[in-house]
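All remarks here apply to the structure that follows.
The basis for the numbers below is simple: all heavy atoms, side chains too, and nothing from hydrogens, waters or symmetry mates. Chain letters run A, B, ... following the sequence lines, proteins first, then strands; residues in each count from 1.
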Amino acid sequence: MTDHGIMFAGAILGFGIALGGAAIGACVGDAVAGNAFLGGIARQPEAQGRMLPWLFAVIGLVEGMYFVTFGLGFVLLSQAH
Amino acid sequence: MIQLEANVGQPAIDLGCGTLCTFNYNSLISSALAVVVTLGIAFWFRSQLRDGEPGKVQAIFELGYDLLRGLIKSTVSEDALFIIPLALTLFIYILVANWIEFLPLGLVPALHGANADLNQTAAMAAVVIVVVEWYSIRVLGWRGFLRRFTRPFELPLPARIAFIPLNIIEEVTKPVTLSFRLFGNIFAGAAIIGLIVGLGTLSLPVGGTVPLTIVGSILLVVWKTFDVLFIGFIQAFIFMLLTVVYFGMAREGLEQEHH
């Protein structure tokens, strides 16, 4: 168990845990957005066309947080050499 | 493939004066190509514009332009229409830079999706935040600009002092998340493309590398369609949307707002 091995193992483990938390957050966020979108369609089916771009905007923002975690994790992982 | 060295995998050239002179020439070439294509598309749009009855291209462009202008009028204000060139240029450039990744770029090692480099997205986010702060100072004046950091305005002044660090953090977070969101999306897509391509080098006991190459090709087409076309478009749209929203937030605290 060298120092380098421990650092590398810790980095990959941390990356995995961070990604797990980010995935849970992204799933919950997407589900809430989808719930609101479906509720809106149920109340006013003819407004679906106006609501669809905003669904994608919110999903993009939520998934954006996930990818921020992914990108930041990769940058930090690449520092563990 | 993914390299876990420094620079998150982009080969760099060091011109000799340390960190500030190190260029990722891959990203420079890719973004130069994206810039040329964007300019070409813009001039082609211009050549399609006609007085009188609009053609298809002009109709679509006018639709997008009207949506953007309505968004700016409702979010920011009537006299902030200078945002339109900035927002539209960002949208089209990010879209083009993302969609270039749909081509088989493995054949040309110097090209990749330009936004897969953090320097790229950080540069665009820096430009956006500088213009937003300048606009905030122009609209609110220096006193109003500093007062904006003591949000929320409903509480008495002593209680608002505690909110100053929170507001400063929020202001600093804006360009950071803006750049990291775009970088993470595109970089993750490129990383998964690299993984799927690597599938083709695995050799099964039955049939060698052929079955996984076929599976990998189909998977690559599916993934590229979803990631590059769909997510690329959404991230470009979100960048533009957040730019406009940040301009709107820069006006907070203006007394005579009546929308």
Side-chain angles (χ1 to χ4, degrees), chain A residues 2-34 36-37 47-81, chain B residues 2-10 12 63-64 67-68 70-71 75 91 94 98 115-122 125 173-192 194-195 226-227 229-245:
Chain A
T2 63
D3 265 347
H4 177 258
I6 293 180
M7 182 168 61
F8 211 46
I12 294 187
L13 199 57
F15 185 47
I17 295 178
L19 227 48
I24 293 180
C27 286
V28 170
D30 281 349
V32 170
F37 179 63
Q48 176 181 343
R50 284 202 314 250
M51 289 194 291
L52 196 58
W54 292 108
L55 172 71
F56 286 130
V58 172
I59 286 187
L61 285 169
V62 170
E63 299 282 340
M65 278 304 124
Y66 172 79
F67 285 112
V68 166
T69 309
F70 185 98
L72 196 54
F74 234 100
V75 169
L76 291 177
L77 190 62
S78 69
Q79 304 301 319
H81 47 267
Chain B
I2 312 168
Q3 294 165 24
L4 292 183
E5 264 73 46
N7 254 335
V8 211
Q10 311 293 354
L63 183 67
L67 285 177
L68 181 60
L71 184 66
T75 318
F91 175 69
I94 297 178
N98 290 345
N115 292 126
D117 192 345
L118 189 54
N119 303 308
Q120 273 276 312
T121 59
T173 307
K174 283 180 190 170
V176 169
T177 55
L178 208 52
S179 60
F180 267 97
R181 184 182 299 114
L182 184 57
F183 163 69
N185 265 290
I186 308 304
F187 182 74
I192 296 189
L195 281 177
F226 166 69
D227 174 62
L229 295 187
F230 185 62
I231 289 191
F233 178 83
I234 288 202
Q235 287 309 313
F237 176 67
I238 295 242
F239 204 100
M240 178 185 75
L241 186 67
L242 279 179
T243 302
V244 175
V245 165

Original post:
For B:F233, which residues count as a side-chain contact (heavy atoms from CB on, under 4.5 Å) partner, sequence neighbours excluded?
Top reply: B:F91, B:L95, B:W99

Subject >> Results of side-chain contact (heavy atoms from CB on, under 4.5 Å) for A:L19 - residues two or more places apart only >> reply: A:F15, A:Y66, A:F70

**OP:** With chain B as the partner chain, list the residues of residues 54-62 of chain A whose heavy atoms fall under 4.5 Å from it, by residue number, and write 'none' if nothing qualifies.
**Re:** A:W54, A:F56, A:A57, A:G60, A:L61

Original post:
For B:I234 and A:E63, what are the C-alpha separation, side-chain angles and deciding distance, and is it a side chain to side chain contact (heavy atoms under 4.5 Å, CB included)?
Top reply: CA-CA 10 Å; B:I234 288 202; A:E63 299 282 340; over 6 Å; no

Extract all donor-acceptor atom pairs below 3.5 Å that involve side chains of residues 178-186 of chain B and protein atoms in other chains or at least two apart in sequence.
residue	atom	partner	partner atom	Å
B:S179	OG	B:P175	O	3.1
B:S179	OG	B:V176	O	3.0
B:N185	ND2	B:R181	O	3.1
B:N185	ND2	B:Q235	OE1	3.3

